[in-house]
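Okay, structure first, notes after.
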Amino acid sequence: MTANTPTPAGDIPSDFIRAIINEDQAAGAYDGRVVTRFPPEPNGYLHIGHAKSICLNFGVGEQYQGARCHMRFDDTNPTREDIEYVESILADVKWLGFDWGENLCYASDYFEQLYEYAEQLIRDGNAYVDSLTADEIRDFRGTLTEPGKKSPDRDRPPEESLDIFRRMRAGEFADGEYVLRAKIDMASPNLNMRDPVLYRIRHAEHHRTGDDWCIYPMYDYAHSLSDSIEEITHSLCTLEFEDHRPLYDWCQEVLGIYRSRQIEFARLNLTHTVMSKRRLRQLVEEGHVAGWDDPRMPTLSALRRRGYTPESIRDMCERVGVARRNSMTELALLEHCLREDLNRRAPRRMAVLRPLKLVITNYPEDSSEEFQAINNPEDETMGTRQVPFGREVYIERDDFMEDPPRRFYRLAPGREVRLRYACLITCTDVVKDAQGEIVEVHCTYDPDSRGGNAPDGRRVQGTIHWVSAAHAVPLEVRLYDNLFTESDPAGSETDFLDLINHDSLETVTAMGEPTLATTEAGDRLQFERLGYFCADTDSRPGAPVFNRTTTLRDTWARISQRDT
RNA sequence: UGGGGAUUAGUCUAGUGGUAAGACGCCUGACUCUGGAUCAGGUAUCACAGGUUCGAAUCCUGUAUCCCCAGCCA
């Protein structure tokens with residue numbers, strides 16, 4: 001490995017991990033090298049919690065001079081892992097915008113070397129083959145407050161252990177017949193040090209090594225050695241592995257191999273969702289959601305489908321920071337990052353979610369015209385487009401009230417509002433059906449206000465969006481809300497499944513301006529005054545489907561809610 | 001009366017002996033052809049109790065609360 005010039009600690013953000021790395025750099029530790037790794041097990045989909053780890057590890061790998069971050073699969077348990085997960089994980093990391101370059105690694109690539117190190121451990125008297133059953137090992141382990149007992153096999157001579165271990169590898173024994181254990185300290189107050197299992201027999205096909213092996217290394221052993229083999233300098237993991245650090249260090253120390261340093265940080269928790277693989281799997285398997293990429297899920301594939309940008313996710317991870325205390329980040333922060341990003345980038349369009357027909361009685365029948373609309377007021381370079389207009393338009397049901405409360409300054413009988421980019425209209429009549437439901441609103445327009453400007457400069461409080469009825473394109477729109485009603489469903493007394501928000505998905509047929517007919521899956525748009533929407537992969541030619549990524553900040557919703 | 005961690009505003013994070021910083025949220029107001037965006041202002045004495053010190057969120061002592069650990073999972 002080549003030595004690197006230390007990076008000046010000046011402008012590297014100051015979370016405690018980077019502070020440690022800065023110190024190491026200043027002290028010339030690790031020859032000035034900085035190498036991290038992101039080590040998922042390919043047994044599930046990546047979620048927003050993983051994003052924090054990805055941003056940290058790859059972020060560090062980018063920030064320091066000559067640094068890098070290895071993409072490594074911790075694939076030591078063939079019974080639950082699959083190539084499908086490998087591929088989705090790779091795609092998600094790439095989507096987030098990170099690059100592992102040449103450094104795509106698999107713990108399974110080290111199986112032979114790991115095995116040889118295990119023989120060394122046995123020869124040195126640091127490991128032994130045990131014939132205790134799983135139940136017996138548990139019994140012998142002791143409890144949190146009582147020391148464990150030594151296995152009768154603990155003093156098996158190294159030659160004998162070596163022989164059995166080789167035969168374990170050769171496939172002479174059934175699953176569970178023997179295990180290889182580290183010989184450390186059965187009385188240690190740290191249960192991980194009470195002769196932890198290093199290898200177990202598993203006659204199972206591995207997604208990469210096939211049936212080359214029938215013994216597989218355990219996490220603590222494999223992870224510590226993999227880090228060492230790759231000469232990882234800073235091995236960043238979550239808090240629950242803190243108790244494993246002594247074992248991590250022990251493995252590298254007794255073998256006399258490259259020393260990596262494990263540093264733990266608090267994982268990301270987000271309100272109104274769950275993050276554990278077990279719960280996510282349950283949501284999918286029991287059909288509470290449509291799949292791993294159901295846009296209500298916190299998986300990266302779901303967030304992508306929902307319309308979240310990788311930039312917004314990375315921004316959130318940066319703002320959350322890195323520390324050692326358990327925390328729960330508010331979803332609002334992620335949403336803020338999203339809106340900030342999309343506000344700059346998303347083209348504006350007009351669509352009406354809950355259409356109410358509005359007839360402009362003084363507008364000529366069978367006539368139409370086009371108005372120019374701005375594609376993005378935040379970015380002039382995005383230009384303008386023409387939007388057709390006619391005698392009948394759809395407006396949002398919420399934008400009309402027959403008997404409006406104070407502070408409501410949209411359309412109501414006798415009121416004048418602006419149809420965005422089109423003209424000023426005044427409500428003259430309300431048409432109801434037999435049930436008393438409003439089915440139509442009649443207005444007159446001011447011909448001199450074409451384009452939406454008041455000819456005499458008079459102030460018009462409200463501006464509402466609309467879609468020409470004659471030109472409208474029907475859209476399937478999926479309105480998403482939080483999957484859970486409580487902020488911490490996993491931490492609640494109530495079972496998390498009973499906290500599912502049954503209104504988390506509402507599908508409506510909206511009416512959109514003509515340009516919306518030609519969107520492609522993945523396109524992100526702002527429907528003016530409503531929110532950000534993303535064309536779904538379910539879209540078909542002539543039948544667009546949109547996911548509501550998030551609403552716009554809605555001051556009126558807050559005011560009206562507060563007043564009731 | 002096992003071990004390991006943590007404790008700064010509603011939330012997240014900075015501050016490491018010199019009198020609490022930033023972000024989100026929330027509240028006010030300005031502006032506005034998105035009640036969007038933008039802009040201006042407001043919003044904590046640092047878990048608690050003692051102690052050291054001219055001076056403590058930062059040092060010491062004790063207490064409380066929360067999290068993690070008894071897979072041949074990672």
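Quick note on labels: first sequence line is chain A, next is B, and so on, each numbered from 1.
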Exercise for review: May I ask you to verify if any side-chain N or O of A/Arg553 is less than 4.0 angstrom from the OP1 or OP2 atom of B/A37?
Suggested key: yes
Check your understanding: What nucleic acid atoms does A/Arg245 come within less than 4.0 Å of, heavy atoms only: base, sugar-phosphate, or nothing?
Key -> nothing
Practice item. Could you check how far OH of A/Tyr221 sits from P of B/C73, rounded to whole Å? Key: 17 Å
Practice item. Answer with base, sugar-phosphate or nothing: what part of the nucleic acid does A/Leu132 contact at a heavy-atom distance below 4.0 Å? Key: base
Check your understanding: With a non-hydrogen cut-off below 4.0 angstrom, is A/Asn190 in contact with a base, only sugar-phosphate, or nothing?
Key -> nothing
Check your understanding: Which one, B/G35, B/C12, B/G25, comes nearest to the side chain of A/Phe408?
Key -> B/G35
Review point. Which part of the nucleic acid, if any, lies within reach of A/Glu242 when heavy atoms closer than 4.0 Å are counted: base, sugar-phosphate only, or nothing?
Key: sugar-phosphate
Practice item. Using the C1' atom on both, measure B/G17 against B/G55 and round to a whole Å. Key: 8 Å
Practice item. Evaluate whether atom CZ of A/Arg267 has more than 12 neighbouring non-hydrogen atoms of other residues, nucleotides or ligands under 6.0 angstrom away. Key: no
Check your understanding: Atom CG of A/Asp15 to atom C1' of B/C12: distance rounded to whole Å?
Key -> 13 Å
Point to revise | OP1 or OP2 of B/U11 under 4.0 Å from side-chain N/O of A/Arg319 | key: no
Check your understanding: Is the phosphate of B/C24, meaning OP1 or OP2, less than 4.0 Å from a side-chain N or O of A/His336?
Key -> yes
Check your understanding: Does A/Arg529 pair with A/Asp398 as a salt bridge, N-O distance under 4.0 Å?
Key -> no
Check your understanding: Is any N or O donor-acceptor pair between the side chain of A/Glu330 and the base of B/G10 shorter than 3.5 Å?
Key -> yes
Point to revise | Distance in angstrom units between A/Gln461 CD and B/C31 C1', rounded | key: 13 Å
Practice item. Mind calculating the distance between CG (A/Asp379) and P (B/U38) to the nearest angstrom? Key: 15 Å
Review point. Using a cut-off of 4.0 Å on non-hydrogen atoms, how would the nucleic acid contact of A/Leu144 be classed: base, sugar-phosphate, or nothing?
Key: base
Study note, to complete from the structure: B/C54 -> Watson-Crick or G-U wobble partner, both distances under 3.5 Å, gives B/G18
Exercise for review: Please report, rounded to the nearest Å, how far the P atom of B/G25 is from the CG atom of A/Leu333.
Suggested key: 8 Å
Review point. Among B/G5, B/G36, B/C68, which is the nearest nucleotide to the side chain of A/Thr555?
Key: B/G36
Exercise for review: Identify whether any heavy atom of A/Val179 sits under 4.0 Å from a base atom; if not, whether one sits that close to sugar-phosphate; answer base, sugar-phosphate or nothing.
Suggested key: base
Exercise for review: May I ask you to say what A/Ile137 touches in the nucleic acid, namely base, sugar-phosphate or nothing, with a heavy-atom cut-off under 4.0 Å?
Suggested key: base
**Study point:** Syn/anti label of B/G71 as read from its glycosidic torsion, with the cut at 90° from 0
**Key:** syn
Check your understanding: Reckon A/Glu146 touches a base, only the sugar-phosphate, or nothing at all at heavy-atom distances under 4.0 Å?
Key -> nothing
Review point. Hey, do the aromatic rings of A/Tyr248 and A/His244 have their centres closer than 6.0 Å?
Key: no
**Study point:** A/Tyr409/A/Trp556 aromatic ring centres below 6.0 Å
**Key:** no
Exercise for review: Enter the distance from A/His207:NE2 to A/Ser108:OG here, rounded to the nearest 0.5 Å.
Suggested key: 6.0 Å
Revision key, fill the gap. Considering only heavy side-chain atoms of A/Glu378, the closest of B/G35, B/A37, B/C68 is B/A37
**Study point:** B/G35 base stacked by A/Trp556 (centroids within less than 5.5 Å, tilt under 30°)
**Key:** yes
Point to revise | Donor-acceptor contact below 3.5 Å, side chain A/Thr271 vs main chain A/Leu331 | key: yes
Exercise for review: For A/Asn453, answer base if it contacts any base atom (sugar-phosphate contacts may also be present), sugar-phosphate if it contacts only those atoms, and nothing otherwise; contact means non-hydrogen atoms under 4.0 Å.
Suggested key: base
Review point. When we call it a touch if two heavy atoms are under 4.0 Å apart, what does A/Ser327 touch: a base, just sugar-phosphate, or nothing?
Key: sugar-phosphate
Practice item. Could you check whether A/Tyr178 gets within reach of a base, just the sugar-phosphate, or nothing at all, counting any heavy atom under 4.0 Å? Key: nothing
Review point. What does A/Arg418 touch in the nucleic acid at a heavy-atom separation under 4.0 angstrom: a base, only the sugar-phosphate, or nothing?
Key: base
Practice item. Calculate the interatomic distance between A/Ile374 atom CD1 and B/U34 atom P; express it in whole Å. Key: 10 Å
Review point. Looking for any heavy atom pair under 4.0 Å, which part of the strands does A/Thr145 touch: base, sugar-phosphate only, or nothing?
Key: base
Check your understanding: Which of these nucleotides, B/A70, B/C68, B/U34, is closest to any side-chain atom of A/Glu240?
Key -> B/C68
Check your understanding: Okay, side chain of A/Lys183, backbone of A/Arg154: is any donor-acceptor separation there less than 3.5 Å?
Key -> yes
**Study point:** Out of B/C27, B/U34, B/G25, whichever nucleotide has its closest atom nearest the side chain of A/Arg558
**Key:** B/C27
Point to revise | A/Thr133 side-chain N/O to B/C72 phosphate OP1/OP2 under 4.0 Å | key: no
Check your understanding: In Å, rounded to the nearest 0.5 Å, how long is the span from CG of A/Leu191 to CG of A/Asp195?
Key -> 12.0 Å
Check your understanding: Reckon A/Arg278 has a side-chain N or O less than 4.0 Å from the OP1 or OP2 of B/G71?
Key -> no
Exercise for review: Indicate whether OP1 or OP2 belonging to B/C73 is found under 4.0 Å from a side-chain N or O atom of A/Arg200.
Suggested key: yes
Review point. Which one, B/C72, B/C68, B/C12, comes nearest to the side chain of A/Arg141?
Key: B/C72
Practice item. Take A/Asn192 and A/Pro189, find for each the nucleotide of RNA chain B with the closest heavy atom, and name the residue whose nucleotide sits nearer the 5' end. Key: A/Pro189
Point to revise | Whole-angstrom distance between B/U28 and B/A21, as gauged at atom P | key: 24 Å
Practice item. Specify the separation, in whole Å, of atom CG of A/Asp220 and atom C1' of B/A70. Key: 14 Å
Review point. Is any side-chain nitrogen or oxygen of A/Thr76 closer than 4.0 Å to OP1 or OP2 of B/C73?
Key: no
Check your understanding: Does the side chain of A/Arg194 get closer than 4.0 angstrom to OP1 or OP2 of B/A70 through an N or O atom?
Key -> no
Exercise for review: Taking the six-membered ring for Trp and the single ring otherwise, decide whether the centroids of A/Tyr178 and A/Phe173 are under 6.0 Å apart.
Suggested key: yes
Point to revise | Under 3.5 Å donor-acceptor pair, A/Asp554 side-chain atoms to B/G35 base atoms | key: no
Revision key, fill the gap. Closest to the side chain of A/Leu191, out of B/A70, B/G25, B/C12, is B/A70
Practice item. Counting Watson-Crick and G-U wobble pairs only, both distances under 3.5 Å, name the nucleotide matched with B/U65, or none. Key: B/A6
Review point. Base, sugar-phosphate alone, or nothing: which one does A/Arg339 contact when heavy atoms must sit under 4.0 Å apart?
Key: nothing
Review point. Looking only at side-chain N and O atoms, does A/Arg80 come under 4.0 Å of OP1 or OP2 in B/C73?
Key: no
**Study point:** Atom-to-atom span, CD of A/Glu318 to C1' of B/A14 - whole angstrom
**Key:** 15 Å
